[in-house]
A.B. asks: 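Let me give you the structure first, and then I'll get to my questions.
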Protein chains: 2
Amino acid sequence: MGATKTDHFTDQQNQIAIIAKALGHPARIAIIEYLLKVNACICGDIVNELPLAQPTVSQHLKELKNAGLIKGNIEGNAICYCIDEKTFDVLKEYFSKIITTVIKQNCC
Amino acid sequence: MGATKTDHFTDQQNQIAIIAKALGHPARIAIIEYLLKVNACICGDIVNELPLAQPTVSQHLKELKNAGLIKGNIEGNAICYCIDEKTFDVLKEYFSKIITTVIKQNCC
DNA sequence: AACAATAATCGTAATATTGCAATATTAATA
DNA sequence: TATTAATATTGCAATATTACGATTATTGTT
């Protein structure tokens with residue numbers, strides 16, 4: 001026990017869950033917001049912006065990248081991270097559909 | 001170590017993370033989709049729809065409720081669960097803002 | 001009141017996540 | 001080629017999550 005029963009659910013359900021899970025940590029939300037704030041993708045100082053050690057930040061970046069929420073391009077000895085809006089759009093569309101369906105059924 | 005450093009982030013960052021985390025499990029996505037499918041909130045047979053035991057489902061429902069994603073009304077000896085679209089809307093608006101900001105900055 | 005049905009809670013085992021120190025890797029520069 | 005800077009990986013301790021059997025409310029029905 002203890003492990004998520006991934007096999008029992010559909011691919012789409014698992015995909016949405018993976019993306020949502022990646023956003024389910026304040027440090028990763030903070031990273032996303034910082035990438036937005038700098039208003040460009042010439043990054044490399046994310047570590048200095050967060051109250052976490054470098055390996056921890058690196059791990060969070062890895063998870064955001066695995067979920068497809070950010071892209072990372074190598075720029076010399078630094079790495080340029082930026083937001084991949086396609087994946088955010090998947091979530092946005094998914095939630096939009098939920099909201100309109102709920103409003104239609106008009107219950108409770 | 002091990003525990004999330006909640007204090008170091010803003011309330012909004014934590015709030016978004018809590019909601020996203022609650023959706024970060026395929027069983028909870030499946031519950032949401034089932035609540036949509038039945039097209040009404042006279043539920044109580046969610047357990048039969050999922051490949052999980054009753055206490056496990058009950059726990060997932062509790063987490064969705066804590067995050068504000070569903071509401072639960074007592075209806076006799078059953079409980080009527082339904083989606084709380086307000087919380088979904090918070091997420092949708094948050095992601096919409098991210099997407100438009102990224103498109104504006106037009107990087108990578 | 002006894003019984004059945006429904007869902008929550010408790011306790012616990014298995015597994016996953018978080019965070020960091022230490023170390024490794026990679027690439028620019030002196 | 002050493003040195004430096006930036007990021008990744010490894011290993012591990014602390015904590016959280018997932019899942020479920022057993023049990024406990026709670027409410028409706030007989």
Side-chain angles (χ1 to χ4, degrees), chain A residues 1-9 13-14 17-31 34-35 38 41-67 69-82, chain B residues 1-9 13-14 17-31 34-35 38 41-67 69-82:
Chain A
M1 296 152 218
T4 298
K5 289 187 155 184
T6 317
D7 316 347
H8 299 70
F9 303 100
Q13 285 168 343
N14 280 307
I18 285 169
I19 303 171
K21 193 177 189 176
L23 291 169
H25 193 291
R28 294 195 286 266
I29 294 290
I31 289 172
Y34 181 64
L35 289 181
V38 293
C41 52
I42 307 107
C43 327
D45 49 345
I46 304 173
V47 175
N48 307 318
E49 282 292 315
L50 292 179
L52 295 169
Q54 180 268 321
T56 309
V57 174
S58 186
Q59 202 174 288
H60 284 307
L61 286 167
K62 194 180 175 185
E63 278 173 65
L64 286 170
K65 205 176 169 187
N66 285 342
L69 290 160
I70 61 173
K71 292 178 281 188
N73 301 357
I74 297 164
E75 295 251 336
N77 62 346
I79 289 191
C80 154
Y81 282 109
C82 58
Chain B
M1 297 150 218
T4 297
K5 288 187 156 185
T6 317
D7 316 347
H8 299 70
F9 303 100
Q13 285 168 343
N14 280 307
I18 285 169
I19 303 171
K21 193 177 190 177
L23 290 169
H25 193 291
R28 295 195 287 265
I29 294 292
I31 289 171
Y34 181 65
L35 289 181
V38 293
C41 51
I42 307 108
C43 327
D45 48 347
I46 304 173
V47 174
N48 307 317
E49 283 292 315
L50 291 180
L52 296 169
Q54 181 267 321
T56 309
V57 174
S58 187
Q59 203 174 287
H60 283 308
L61 286 167
K62 193 180 173 185
E63 278 174 64
L64 286 170
K65 205 175 169 187
N66 285 342
L69 290 160
I70 61 173
K71 292 176 282 190
N73 302 357
I74 297 164
E75 295 250 336
N77 62 346
I79 289 190
C80 155
Y81 280 110
C82 58

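Just the heavy atoms: all of them, side chains too, but no hydrogens, waters or symmetry mates, feed the values below. Reminder, nothing fancy here: chain letters follow the sequence lines and each chain counts from 1.
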A.B. asks: Side chain of A:H60 only, please: which of C:dT18, C:dG19, D:dA8 is the nearest?
C.D. replies: C:dG19

A.B. asks: Given C:dC20, D:dG21, C:dT18, which nucleotide is nearest the side-chain atoms of B:T4?
C.D. replies: C:dT18

A.B. asks: Measure up the A:H25 and B:F9 rings against each other and bin them: parallel (under 30°), tilted (30 to 60°), perpendicular (over 60°).
C.D. replies: perpendicular

A.B. asks: Report the nucleotide, chosen from C:dA7, C:dA21, D:dT7, that has the shortest atom-to-atom distance to any side-chain atom of A:P55.
C.D. replies: C:dA21

A.B. asks: A:Q59 or A:K5: which one's nearest nucleotide on DNA chain D is closer to the 5' end?
C.D. replies: A:Q59

A.B. asks: Taking atom C1' of C:dT9 as reference, at what distance in whole Å does atom NZ of B:K65 sit?
C.D. replies: 14 Å

A.B. asks: Which nucleotide in the list D:dT18, D:dC20, D:dA8 gets nearest to the side chain of B:L52?
C.D. replies: D:dC20

A.B. asks: Could you state the CG-C1' distance from A:L61 to D:dT9, rounded to the nearest angstrom?
C.D. replies: 14 Å

A.B. asks: Rounded to the nearest Å, what distance is computed from the CD atom of residue A:Q54 to the C1' atom of nucleotide C:dA21?
C.D. replies: 11 Å

A.B. asks: Counting only side-chain N and O atoms of A:Y81, is one of them less than 4.0 Å from OP1 or OP2 of D:dA6?
C.D. replies: no

A.B. asks: Between C:dC20, D:dA8, D:dA19, which one does the side chain of A:S58 approach most closely?
C.D. replies: D:dA8

A.B. asks: Using whole Å, what does the distance between atom C1' of nucleotide C:dT26 and atom CD1 of A:I79 come to?
C.D. replies: 9 Å

A.B. asks: Look at the side-chain N and O atoms of B:K62 and state whether any lies under 4.0 Å from the OP1 or OP2 oxygen of C:dT9.
C.D. replies: yes

A.B. asks: Measure from the side chain of A:H25, starting at C-beta and using heavy atoms only, and say which of C:dT18, C:dA7, D:dT18 lies closest.
C.D. replies: C:dT18

A.B. asks: Could you tell me whether the phosphate oxygens of D:dT18, OP1 or OP2, come under 4.0 Å of any side-chain nitrogen or oxygen in B:T56?
C.D. replies: no

A.B. asks: Quick one: A:H8 NE2 to D:dT18 P, roughly how many Å, whole number?
C.D. replies: 16 Å

A.B. asks: Of all the nucleotides listed (D:dA19, D:dT7, D:dT17), which has the minimum atom distance to the side chain of B:K21?
C.D. replies: D:dT17

